[in-house]
Amino acid sequence: NGNIYLLNFETLDTCLADTITNYMMFMDCINFSNVYLPTIKNITRYGHFVYCGKLKRLEFPKVERASIESSGNGLIYSNNSLEEISFPKLKTVTGTIPIVNSCNNLKKLYMPELETHEGVIVNSCICLKEIYIPKLKSSLGVGENCFSLEVIEAPLLESAVVGYRCYALKEVYLPNLKTLGSNSFDNTYCLSKVELPSLTNIKGSIFKTSAIEEFTFPETLTIFSGVSNSFSYCPNLRKLNLFEGWKFSGLNLTNCRSLEKESIVDMLNKLADVTAETDTYTLALGATNLAKITAEEVAIGTNKGWTIS
C-alpha cells in the first residue's frame, strides 16, 4: 500500500499480497525485465510500472478485477520497453481511463476473459498490431491512436468507439456491435472494408478521413447522430449501400469522388418518400458525383421530396 522502488531488481516473481491499492506502484524500477505476480487478484488506482525502462513482460495470472481512478492516465502507463502484458483471468475493469496507455513498444496484449470496461481498452500503443478480446461486450473504446493496429477481434462486442486513428487497420467485422461511438474509423488510411450487420445506433460522425472502399448500413439502424460530418473525406469510397426507406438527412458525400454511378443511383432509389413531411431532407453528392448521373436519375430523389446537391 505504498510506492515501491526496487532499483537493482531484475525479476519480480514473489509477492504475498492479493491487491495493489496505491498509485504508481513499482515506478522507476529501472532494472526490471520480467514481472510475474501470481497472488495478485485485484488492482486499483493507476500508473503502475511507470518508467521501468527494461521491463519486457508483465503477467498477472490471477487478477480478475481492476478499478482505475479517472484522474490517472492508465492502469499500465508510459512504459516504452514493455512488449507483452498478460491478464488471463481479468473480467471487469471500472473507471474511464485506459487499461494500457502509451506503451510504445507493446506487441501483445492478452485479456481473453475481459467482458466490460468503462474506458478505452488500449490507447497510444503505436507498435501493437492485434487486439484479441473474444468476450468483451462493452467499452468506451477499442484501440485508439494505435497506429500499427491491423486486426481487432471482438466477436461479442456490442458498444464502443472502434478504430480511432488506427492508421494500419485493414478490415473489421464485428457481428454483434449495436452502438458505434463517435469518431469511429477516423484517420484509417489502410481500411478497405467494415461489416457491422447488427448496428442500431451511430452516436456521432464516423469515417472522417478514411480509405474505406465500401460500407453497408444495415436495416437495423434506427439512430444516426453524426450524419452530416461522416464520410467527410473518403477518396476511395466506391459503394455506399443504404437500405430501403432511408430517412437520415444531411449525408454529405462531396469529398467521396470515387463513388460509382451504380451506387449513386441505388442510393437515390433507396431514399424514403418524404413529400408529405414538413422537415427538409438533403443528400449532398457534390459536383463530381452529380456529373456521373443524368437529370432523370437526380429526379429519382427530388421527386421524393429530397434536395439533391
Side-chain angles (χ1 to χ4, degrees), residues 1-5 12 19-30 32 34-37 40-60 63-133 136 138-149 152 154 157 160-166 181 183:
N1 191 25
N3 293 74
I4 297 177
Y5 301 90
L12 179 63
T19 303
I20 292 178
T21 60
N22 207 357
Y23 306 97
M24 304 179 77
M25 293 287 284
F26 305 105
M27 181 176 71
D28 289 322
C29 295
I30 57 175
F32 270 173
N34 183 60
V35 173
Y36 176 80
L37 296 173
I40 301 295
K41 294 183 179 180
N42 298 289
I43 302 179
T44 64
R45 307 297 175 88
Y46 59 82
H48 307 303
F49 299 96
V50 175
Y51 311 133
C52 296
K54 296 181 181 179
L55 183 61
K56 300 292 185 182
R57 191 169 189 272
L58 184 58
E59 184 174 0
F60 293 92
V63 169
E64 297 180 359
R65 180 179 176 84
S67 177
I68 318 171
E69 291 192 7
S70 59
S71 58
N73 293 306
L75 186 69
I76 310 297
Y77 170 66
S78 191
N79 187 306
N80 291 333
S81 64
L82 196 56
E83 296 181 358
E84 182 177 344
I85 299 174
S86 178
F87 287 98
K89 292 188 177 182
L90 182 64
K91 291 185 177 181
T92 302
V93 181
T94 58
T96 57
I97 63 173
I99 297 174
V100 182
N101 190 8
S102 300
C103 293
N104 290 333
N105 203 39
L106 185 69
K107 295 177 175 65
K108 183 177 181 180
L109 180 61
Y110 184 64
M111 298 184 294
E113 298 296 322
L114 184 64
E115 296 178 356
T116 60
H117 176 36
E118 298 169 354
V120 176
I121 300 296
V122 56
N123 180 55
S124 298
C125 294
I126 61 176
C127 288
L128 187 65
K129 290 189 175 183
E130 181 176 350
I131 294 177
Y132 177 67
I133 35 179
L136 185 70
S138 65
S139 173
L140 179 63
V142 177
E144 297 191 2
N145 301 296
C146 295
F147 304 151
S148 301
L149 187 65
I152 296 174
L157 186 64
V161 175
V162 181
Y164 172 67
R165 298 186 73 210
C166 293
N183 300 320

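A salt bridge links K56 with E83: at least one charged nitrogen is closer than 4.0 Å to a carboxylate oxygen. A salt bridge links R57 with E84; the closest basic N to acidic carboxylate O contact falls under 4.0 Å.
Rounding to the nearest 0.5 angstrom, the gap separating the CD atom in E113 from the OG1 atom in T92 is 11.0 Å. We find the NZ-CG distance between K107 and L82 to be 10.0 Å, quoted to the nearest 0.5 Å. Between L157 atom CG and I152 atom CD1 the span is 9.0 Å, to the nearest 0.5 Å. With rounding to the nearest 0.5 Å, the separation of SG in C103 from CD1 in I126 is 11.0 Å.
In this structure, I68 and V93 have side chains that are in contact, with non-hydrogen atoms separated by less than 4.5 Å. Counting heavy atoms from C-beta outward, I85 and I76 have side chains that approach closer than 4.5 Å. For the pair L75 and V100, the minimum side-chain heavy-atom distance is 4.5 Å or more. The closest side-chain heavy-atom distance from C146 to V122 is below 4.5 Å. The side-chain heavy atoms of F147 and C166, taken from C-beta on, include no pair separated by under 4.5 Å. L140 places none of its side-chain heavy atoms less than 4.5 Å from the side chain of E118. Contact annotation: the side chain of L58 never approaches that of H48 to less than 4.5 Å [non-hydrogen atoms, C-beta and beyond]. Side-chain contact between V35 and L55 is present, with heavy atoms from C-beta onward closer than 4.5 Å.
A cation-pi arrangement is present between K108 and Y110 under the rule of less than 6.0 angstrom and at most 45 degrees off the ring axis.
Nearest heavy atom pair, residue N101 against residue N73, reads ND2-O, 2.7 Å. Annotation for I121 and M111: closest pair CG2-CE, 3.6 Å, computed over non-hydrogen atoms. In terms of heavy atoms, S102 sits closest to C125 at N-SG, 4.2 Å. Residues C127 and N104 approach most closely at SG-O, 3.1 Å, considering heavy atoms. The nearest pair of heavy atoms linking T94 to R65 is CG2-NH2, 3.7 Å. Of all heavy-atom pairs spanning I131 and G143, the tightest one is CD1-CA, 3.8 Å.
The backbone N or O of I97 sits less than 3.5 Å from a side-chain atom of H117, completing a donor-acceptor pair. Formation of a donor-acceptor pair under 3.5 Å by the T116 side chain with backbone atoms of S139 is not found in this model.
Checking R165 against N145 by side-chain atom types alone, a donor-acceptor pair falls below 3.5 Å. Of the N and O atoms on the side chains of N79 and S81, at least one donor lies less than 3.5 Å from an acceptor on the other residue.
Using a 30° and 60° split on the angle between ring planes, F49 and F60 fall in the perpendicular class, above 60°.
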Between N105 and N80, does the side-chain hydrogen bond (donor to acceptor under 3.5 Å, both in side chains) criterion hold? Intermediate values first, please. CA-CA 5 Å; N105 203 39; N80 291 333; over 6 Å; no
Check step by step if side-chain contact (heavy atoms from CB on, under 4.5 Å) holds for I43 and F87. CA-CA 11 Å; I43 302 179; F87 287 98; 3.9 Å; yes
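Heavy atoms from other residues, nucleotides or ligands lying under 6.0 Å from NZ of K91 number 12 at most.
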